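This report concerns only the one structure given below.
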Amino acid sequence: MWKIVREGVRQHRGDAAADGLPETGPQRHHWHDFRPKMLDALQDLREASRDAWINQALAQGMLAKKRRGTPVRPHPSQVITGDGTVVRPASDQTEEFTIDERTGVPRRHRVDPDATIQLEGGDREIYGNKLVSFSIRDECSPHSRIILNTDTARHQSKELESQSDRPSRHGDSHTRPW
């Protein structure tokens with residue numbers, strides 16, 4: 001996997017940048033150490049990604065300023081579609097700690113703090129994170145879809161969540177209640 005990252009850096013940033021990367025990729029503890037810095041830059045990264053995706057669509061003639069079609073029946077190159085899905089976390093564990101029934105020893109589990117019970121299709125409950133994306137595509141070109149924006153879809157506002165008297169899964173205020 002790291003080889004793919006290095007080749008991508010080489011292609012987009014040049015040989016010097018790619019050669020400056022270490023031979024092996026980051027380990028899990030590196031990501032944990034880097035996470036606070038990443039969270040500080042996350043909003044800027046999202047905005048830069050969204051702007052690049054929109055510019056890509058404009059460069060391909062989609063979302064042209066000159067309106068094609070009518071307001072009721074726009075040309076397909078003017079239609080933005082949205083879709084949502086629930087992505088299951090790497091682990092289905094919902095409790096950070098459980099007691100081993102055989103030994104009585106507490107066991108720690110990896111839990112996705114953002115995952116909750118989501119409704120999919122209106123009636124089916126699935127444990128995971130709900131993601132939504134907005135895209136556009138050229139009607140004449142297969143596989144031409146360009147993602148314009150993507151984000152998580154919260155089932156409850158942060159304000160309502162903070163006022164909720166339901167307990168969170170992990171007992172702290174940083175996780176969502178069921």
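The shown structure was predicted, so the numbers you read here are calculated from the model rather than taken from an experiment.
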Any side-chain heavy-atom pair from [X] and [Y] closer than 4.5 angstrom?
| X | Y | value |
| --- | --- | --- |
| Ile146 | Ile54 | no |
| Ile147 | Ile136 | no |
| Phe34 | Pro26 | no |
| Asp151 | Leu131 | no |

Under the rule for side-chain contact (heavy atoms from CB on, under 4.5 Å), what residues qualify as partners of [X], not counting sequence neighbours?
| X | answer |
| --- | --- |
| Glu101 | none |
| Arg73 | Thr70 |
| Asp100 | Arg102, Thr103, Arg107 |

So, taking the atom named [atom1] in [X] and the one named [atom2] in [Y], what distance separates them when rounded to the nearest 0.5 Å?
| X | Y | atom1 | atom2 | answer |
| --- | --- | --- | --- | --- |
| Gln118 | Thr152 | CD | OG1 | 9.5 Å |
| Asp112 | Thr94 | CG | OG1 | 11.5 Å |
| Asp44 | Leu42 | CG | CG | 9.0 Å |
| Arg46 | Asp51 | CZ | CG | 14.0 Å |
| Asn129 | Thr116 | CG | OG1 | 7.0 Å |
| Trp53 | Leu58 | CH2 | CG | 15.0 Å |

Backbone N/O of [Y] and side chain of [X]: donor-acceptor pair under 3.5 Å:
| X | Y | answer |
| --- | --- | --- |
| Glu120 | Val86 | yes |
| Thr150 | Val132 | yes |
| Ser144 | Asp138 | yes |

Pairs flagged by side-chain hydrogen bond (donor to acceptor under 3.5 Å, both in side chains) wherever residues 9-21 is involved - sequence neighbours left out: Arg10-Asp15, Arg10-Asp19
Run the salt bridge (charged side-chain N to carboxylate O under 4.0 Å, His left out) test against Arg6 and tell me which residues pass, sequence neighbours left out.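 If we apply the salt bridge (charged side-chain N to carboxylate O under 4.0 Å, His left out) test to Arg6, skipping adjacent residues, the hits are Glu23.
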Thr98: what forms a side-chain hydrogen bond (donor to acceptor under 3.5 Å, both in side chains) with it, not counting sequence neighbours? His109
